[in-house]
Amino acid sequence: EVQLAESGGDSVQVGESLRLSCAASGPTYSAYLMAWFRQTPGKEREGVAAIYTGGFKTYYADSVKGRFTISKDDNKNTLYLEMNSLKPDDTAVYYCAAEGPPGWSVGSIPWNQIDEYKSWGHGTQVTVSS
């Protein structure tokens with residue numbers, strides 16, 4: 001199992017930007033998805049974005065398309081989430097996930113299928129105030 005540590009969460013104003021980082025200890029193979037999920041109290045955890053570096057593909061929730069960008073630095077074994085034009089609805093705990101489904105399987109397996117990811121971080125809080 002891969003150990004994941006998120007950082008970068010903060011309290012910001014509407015319209016501002018943040019970059020989240022997720023440092024991975026252990027192999028994160030390019031054939032398998034890594035992703036960001038988020039959760040607010042009383043709601044189910046939802047997929048925000050995922051990346052399949054082996055296939056140069058990224059996936060996004062409709063609510064963040066055009067505002068968020070997921071990327072991965074393989075040399076640093078670190079996953080990022082660049083978040084721009086933040087809204088109050090983006091307030092949540094953000095979780096990094098690794099050892100997801102194989103990239104070639106997306107289509108038959110949703111990229112945001114929570115139980116397909118084996119490793120999870122402890123989360124970082126993002127709060128957006130108006």
Side-chain angles (χ1 to χ4, degrees):
E1 185 175 312
V2 177
Q3 303 298 314
L4 303 170
E6 303 97 334
S7 60
D10 204 349
S11 295
V12 297
Q13 299 293 311
V14 168
E16 293 186 340
S17 299
L18 277 177
R19 187 176 80 157
L20 305 183
S21 300
C22 171
S25 299
T28 54
Y29 301 106
S30 62
Y32 298 92
L33 267 60
M34 289 188 73
W36 289 96
F37 288 76
R38 66 186 181 187
Q39 190 170 22
T40 54
K43 292 188 177 181
E44 290 187 358
R45 193 169 295 188
E46 63 172 0
V48 176
I51 188 165
Y52 168 32
T53 54
F56 306 100
K57 292 184 178 179
T58 55
Y59 308 91
Y60 295 94
D62 288 342
S63 59
V64 306
K65 277 181 185 175
R67 299 189 298 122
F68 290 12
T69 303
I70 188 170
S71 62
K72 183 171 180 274
D73 185 331
D74 286 328
N75 291 329
K76 296 181 179 179
N77 209 18
T78 299
L79 185 71
Y80 300 99
L81 185 67
E82 187 75 36
M83 305 186 294
N84 298 315
S85 303
L86 283 161
K87 305 175 181 179
D89 284 349
D90 296 319
T91 296
V93 177
Y94 284 72
Y95 297 90
C96 175
E99 298 184 280
W104 54 262
S105 70
V106 174
S108 57
I109 298 175
W111 65 264
N112 55 353
Q113 184 84 14
I114 292 173
D115 56 9
E116 290 288 334
Y117 290 83
K118 296 185 175 73
S119 299
W120 292 85
H122 293 295
T124 185
Q125 176 71 47
V126 172
T127 302
V128 185
S129 301
S130 57

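We count residues from 1, following the sequence as given. Note that the structure is a prediction, hence the values are computed from the model and not measured.
- With rounding to the nearest 0.5 angstrom, the CG atom of N84 is 9.0 Å from the CZ atom of R67.
- Relative orientation of the F37 and W111 rings is tilted, given thresholds of 30° and 60° on the angle between their planes.
- The CD1 atom of I70 sits 12.0 Å away from the CE atom of M83 when rounded to the nearest 0.5 Å.
- Hydrophobic clustering of Ile, Leu, Val, Met, Phe, Trp and Tyr side chains at less than 4.5 Å, counting indirect connections, unites V12 with F68.
- In the hydrophobic cluster analysis, where Ile, Leu, Val, Met, Phe, Trp and Tyr join through side-chain heavy atoms closer than 4.5 angstrom, Y94 is grouped together with L18.
- Taking each heavy atom of V14 and S130 in turn, the nearest pair found is CG2-CA, 3.5 Å.
- Looking at heavy atoms from C-beta onward, E46 lies out of side-chain contact with I114 at the 4.5 angstrom threshold.
- Contact between Y59 and K57 at its shortest, heavy atoms only, is OH-CD, 3.5 Å.
- Listed for the N77 side chain is a donor-acceptor partner under 3.5 Å among the backbone atoms of G26.
- When all heavy atoms are compared, the tightest approach of A92 to R38 is CB-CB, 3.8 Å.
- Of all heavy-atom pairs spanning S85 and D90, the tightest one is O-OD2, 4.4 Å.
- One distance of note links SG of C96 with NE2 of H122; it measures 11.5 Å at 0.5 Å rounding.
- The closest donor-acceptor contact from the side chain of T58 to the backbone of I51 lies at 3.5 Å or more, if one exists at all.
- No continuous path of ILVMFWY side-chain contacts below 4.5 Å connects L33 to Y80, so the two sit in separate hydrophobic clusters.
- Between T124 and G9, the shortest heavy-atom contact is OG1-N, 3.0 Å.
- Atom-to-atom distance recorded for L20:CG and Y95:OH is 13.0 Å, nearest 0.5 angstrom.
- A continuous path of ILVMFWY side-chain contacts below 4.5 Å connects V106 to Y52, so both sit in one hydrophobic cluster.
- With hydrogens and angles ignored, the 3.5 Å screen pairs no side-chain donor or acceptor of E82 with any backbone N or O of R19.
- Interatomic distance, C22 SG to M34 CE, rounded to the nearest 0.5 Å: 5.0 Å.
- Taking the side chain as every heavy atom from C-beta outward, T53 and Y29 never approach each other to under 4.5 Å.
- Around the CD atom of Q13, the shell of radius 6.0 Å holds more than 12 heavy atoms that belong to other residues, nucleotides or ligands.
- For V2, the side-chain contact (heavy atoms from CB on, under 4.5 Å) partners at least two apart in sequence or on another chain are L4, A24, T28, E99, S119.
- Cluster annotation: V128 and V48 are assigned to the same hydrophobic cluster (Ile/Leu/Val/Met/Phe/Trp/Tyr, side-chain heavy-atom contacts under 4.5 Å, transitive).
- Y117 approaches A97 most closely through the heavy-atom pair CD2-CB, 3.6 Å.
- The distance from the OG atom of S71 to the CG atom of L81 is 8.5 Å, given to the nearest 0.5 Å.
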